[in-house]
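FYI, side chains are in, hydrogens and waters are out, and symmetry mates aren't considered; it's all heavy atoms of this structure. Computed from a predicted structure; not experimentally measured. Per chain, numbering begins at 1; letters A, B, ... match sequence-line order.
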There are 2 protein chains.
Amino acid sequence: MKKHDAVATLAALAQDSRLDVFRLLVEAGPDGMLAGQVAAALGLPPNTLTFHFDRLREAGLVTVRREGRSMIYAARFETMHALVAYLTDHCCQGRPELCKPGPGNATRLSAARKPERVSG
Amino acid sequence: MKKHDAVATLAALAQDSRLDVFRLLVEAGPDGMLAGQVAAALGLPPNTLTFHFDRLREAGLVTVRREGRSMIYAARFETMHALVAYLTDHCCQGRPELCKPGPGNATRLSAARKPERVSG
DNA sequence: AAAACATTTCAATAACTATTGAAATGTGAA
DNA sequence: TTCACATTTCAATAGTTATTGAAATGTTTT
């Protein structure tokens with residue numbers, strides 16, 4: 001995955017309704033869901049939903065196919081995994097044990113906040 | 001991780017310069033980098049960089065600490081891993097083998113493109 | 001204390017994104 | 001062929017985000 005694609009994929013997911021849509025489709029699995037089912041599940045108007053489906057599709061995160069009058073959307077897990085790989089690759093200068101998930105590796109939280117401006 | 005945080009984290013990463021910054025810090029590892037080093041590596045003006053650091057920090061993706069006149073920024077791997085978990089959790093109605101990465105699981109690409117409008 | 005340095009703040013502007021109502025398209029049923 | 005249904009397109013608008021120059025802050029050196 002190239003940087004441009006990674007940004008597009010992240011942008012596609014960085015929106016309330018779209019994240020809901022995508023996670024619903026991830027939960028649904030490879031068979032996907034009817035557009036109307038998604039609309040009903042999330043309470044989104046059909047034109048708004050089309051707009052968001054388009055963004056997800058352009059980012060390669062979902063596929064569509066027609067079935068009768070309905071459209072069936074499904075998550076593309078491949079893209080999701082590629083994004084994860086893009087984010088986590090090359091970490092820690094070749095010593096990935098420094099940033100692997102799990103216990104015993106809690107990030108130092110003492111520096112989580114920005115040192116506040118003091119004077120005025 | 002809650003939905004609101006996931007959207008914030010994704011939005012923080014969904015921008016060219018910020019994705020560059022974050023990946024540079026991921027590569028640098030837990031010790032982080034001087035703000036000036038990041039600016040030099042990416043060719044960003046300092047005020048622009050501050051803007052992006054702020055977004056990354058608000059999303060919990062980086063920490064800052066001061067050292068002399070410099071600020072040292074470091075990636076927060078914990079947040080990155082939480083995001084990945086948020087995206088991939090609950091997939092495929094409890095049958096995660098359907099969406100795990102790896103060969104033998106290529107997504108059906110036949111439906112990757114939207115059926116085009118035909119008439120005019 | 002003054003100068004130099006690294007970074008942040010502020011205010012203005014340009015560019016992008018989401019939402020909506022109304023109309024159109026493609027498909028299936030009567 | 002007419003009607004109903006599911007979804008998409010279009011155009012307008014409101015809201016958000018990135019970038020920039022100029023000024024300010026906090027720290028170290030002289």
Side-chain angles (χ1 to χ4, degrees), chain A residues 3-4 7-22 25 32-59 61-74 111 113-120, chain B residues 3-4 7-22 25 32-59 61-74 111 113-120:
Chain A
K3 187 177 100 169
H4 179 84
V7 171
T9 307
L10 288 162
L13 293 173
Q15 203 276 340
D16 262 71
S17 303
R18 281 198 298 270
L19 187 55
D20 284 341
V21 169
F22 183 71
L25 293 178
M33 288 175 71
L34 302 181
Q37 290 181 309
V38 175
L42 302 178
L44 292 172
N47 54 351
T48 299
L49 188 55
T50 294
F51 173 82
H52 291 307
F53 274 143
D54 278 357
R55 302 272 119 25
L56 289 170
R57 201 172 39 72
E58 283 160 13
L61 281 164
V62 305
T63 59
V64 221
R65 63 185 197 275
R66 183 180 280 281
E67 193 162 296
R69 341 186 214 205
S70 297
M71 302 300 259
I72 299 183
Y73 284 85
R113 280 168 205 53
K114 187 175 198 174
E116 280 171 42
R117 182 171 275 224
V118 176
S119 86
Chain B
K3 187 177 101 170
H4 179 83
V7 171
T9 306
L10 289 161
L13 293 172
Q15 204 276 341
D16 262 70
S17 303
R18 280 198 298 270
L19 188 55
D20 284 341
V21 169
F22 183 71
L25 293 178
M33 289 176 71
L34 301 181
Q37 289 182 309
V38 175
L42 301 178
L44 293 171
N47 53 351
T48 300
L49 188 55
T50 295
F51 173 83
H52 291 307
F53 274 144
D54 278 356
R55 304 268 118 27
L56 290 170
R57 201 171 39 72
E58 284 159 13
L61 282 163
V62 305
T63 59
V64 221
R65 63 185 197 276
R66 183 181 279 281
E67 194 161 295
R69 346 185 211 208
S70 297
M71 303 299 261
I72 298 181
Y73 285 86
R113 281 169 204 53
K114 186 176 201 174
E116 279 169 45
R117 181 173 276 227
V118 175
S119 87

Nearest-Å distance for atom pair CZ/P, residues B:Phe53 and C:dT8:
7 Å

Can you measure A:Ile72 atom CD1 to D:dT8 atom C1' for me and round it to whole angstrom units?
17 Å

Polar atoms only, N or O, under 3.5 Å: list the protein pairs with nucleotides 16-20 of chain D and their distances.
| unit_1 | atom_1 | unit_2 | atom_2 | d |
| --- | --- | --- | --- | --- |
| D:dA18 | OP1 | B:Arg18 | NH1 | 3.1 |
| D:dA18 | OP1 | B:Arg18 | NH2 | 2.6 |
| D:dA18 | OP2 | B:Arg18 | NH1 | 3.4 |
| D:dA18 | O3' | B:Gln15 | NE2 | 3.4 |
| D:dT19 | OP2 | B:His52 | NE2 | 2.5 |

Nearest to the side chain of A:Arg66, heavy atoms from C-beta on, is which of C:dT27, D:dT7, C:dT7?
C:dT27

What is the separation between atom CG on B:Leu49 and atom C1' on C:dA6, rounded to the nearest whole Å?
11 Å

Between B:Gln37 (side chain only) and B:Leu34 (backbone N and O only), is there a donor and an acceptor less than 3.5 Å apart?
yes

Donor-acceptor pair, A:Thr50 side chain versus A:Pro46 backbone, under 3.5 Å?
yes

Given atom CZ of B:Arg65 and atom C1' of C:dT8, what is their separation to the nearest angstrom?
19 Å

Under 4.0 Å between a side-chain N/O of A:Tyr73 and OP1 or OP2 of D:dA6, yes or no?
no

Rounded to the nearest angstrom, tell me the gap between atom CD in A:Gln37 and atom P in D:dC5.
18 Å

Nearest listed nucleotide, side chain of B:Arg69, among D:dT27, C:dT27, C:dT8:
D:dT27

Give the nucleotide from the list D:dT27, D:dT8, D:dT9 with an atom nearest to the side chain of A:Asp54.
D:dT9

Calculate the interatomic distance between A:Asp16 atom CG and C:dA18 atom P; express it in whole Å.
11 Å

Value in whole Å for how far the P atom of D:dT8 lies from CD of A:Glu58:
13 Å

Of all the heavy-atom pairs spanning B:Gly32 and B:Ala74, show the shortest one and how long it is.
CA-CB, 3.7 Å

Minimum side-chain heavy-atom gap B:Val38-B:Tyr73 below 4.5 Å
no

Main chain of A:Ala14, side chain of A:Arg18: is a donor-acceptor contact present, judged purely on distance under 3.5 Å?
no

Between CE of A:Met71 and P of C:dG28 the distance, given in whole Å, is 12 Å

My understanding is that only one of A:Val21, A:Thr9, A:Thr63 makes a side chain to side chain contact (heavy atoms under 4.5 Å, CB included) with A:Leu56; could you say which?
A:Val21

Taking the six-membered ring of A:Phe53 as reference, does the cationic atom of A:Arg55 (NZ for Lys, CZ for Arg) lie under 6.0 Å from its centre and within 45° of its axis?
no

